[in-house]
Amino acid sequence: MTNKKSSPFKLIVIVTILVFALITAAVLLMDSNSEDNGKAELGKQPPIEGQPTIGSEEAPVSVVEFGDYKCPACKAWGEQFSPHLVEEYVANGDVKFTYINVLFHGEESELGSLAAEAVYKQNPESYWEFHKKLFDQQPDSNDHDSVWLTMDTIVAVAGTIPSIDLNLLQEDMQSQSIKEEVSKDSALTDEFNVEKTPTVIVNGTMLENPFDYEKIILLIEQELEGKE
Ligand code: CA
C-alpha cells in the first residue's frame, strides 16, 4: 500500500527534477549564447602603427581585418562589406580601417603580402587600389589551390597603377625591411590567435562571423555611443 503510493510520488519528484534540470540547462545555454553573442572580447586592439590604414587617425573606432590575398572569403568580404564600411563610417571620420596580412596559403600568400607592403612603402596612396586590384585577380573558382598569385600577376596589376614604380617594387620585395613588415604581420596573427580569414576586430572585440555585417555595425555604433 505504502509502496504503491510512494512509487508514483517518487516518479513525480524525478520527473520534476528532470524538467527543472532541462529548463536550467536551456537557460544556461541561452545565457552563454547571449554572453558570447558571436563575438569575443580581447581587451585590446591590434596595434595599427605602420599598417595600411584608411580613414582619419583620430577616428574613435578601429576596425582591423586580418586577411589573405589567397582567401576567397576575404575577397568576398572586401567586395561585399568594405565599400559600405568606407562610405558610411570611414568617410565621416568615425572609423579607421586597417588590413594586416595573414599567410595561411604558403608562397602565394607571402608573395602577395610582400608586394602589398612594398607598394605601401613606396606610395601609401596607391596601396588600396593595388590591394583591391590584386584581390580582383583571384579567380572565382572559390578554392585556395589554383595558382594565380605569381610575380607576373603582381607586375601586371602594379602596371595598371601609374603611381607605382615597377622596378622599385620588385627591388623592395626582396628587401629586408619589407620582409620584416610581413613577419610583423605574422607575429600579430599569432598574438591575436587568428585562426581563420578574414578575422575582423572592432576596438578589441573579435567577430565570430565576419559576415554578420549587422553585428559589425552594431559594435561600431556601440563604440561610437560610448565615445560621445
Ligand atoms: Ca602589414
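Residue numbers start at 1 and run along the sequence shown. In each ligand, atom 1 is the first atom listed, and ligand 1 is the first ligand listed.
For the residue pair Glu41 and Thr205, a side-chain donor N or O sits within less than 3.5 Å of a side-chain acceptor on the partner. Inspection of the Lys133 and Thr160 side chains reveals an N or O donor paired with an N or O acceptor under 3.5 Å.
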Q.
Would His131 and Tyr99 count as a ring-ring contact (aromatic ring centres under 6.0 Å, His included) here? Give the steps.
A. CA-CA 10 Å; His131 174 85; Tyr99 183 88; 4.4 Å; yes
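For residue Asp185, an N/O/S atom approaches the Ca ion (ligand 1) to within less than 3.0 Å. For Tyr120, every N, O or S atom stays at 3.0 Å or more from the Ca ion (ligand 1).
Take the N/O/S atoms of Glu117: the one nearest the Ca ion (ligand 1) is OE2.
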For residues 47-54, which side-chain donor-acceptor pairs fall under 3.5 Å, sequence neighbours excluded?
residue : atom : partner : partner atom : Å
Gln51   : NE2  : Asp185  : OD1          : 2.9
Thr53   : OG1  : Gln51   : O            : 3.0
Thr53   : OG1  : Thr98   : OG1          : 2.8

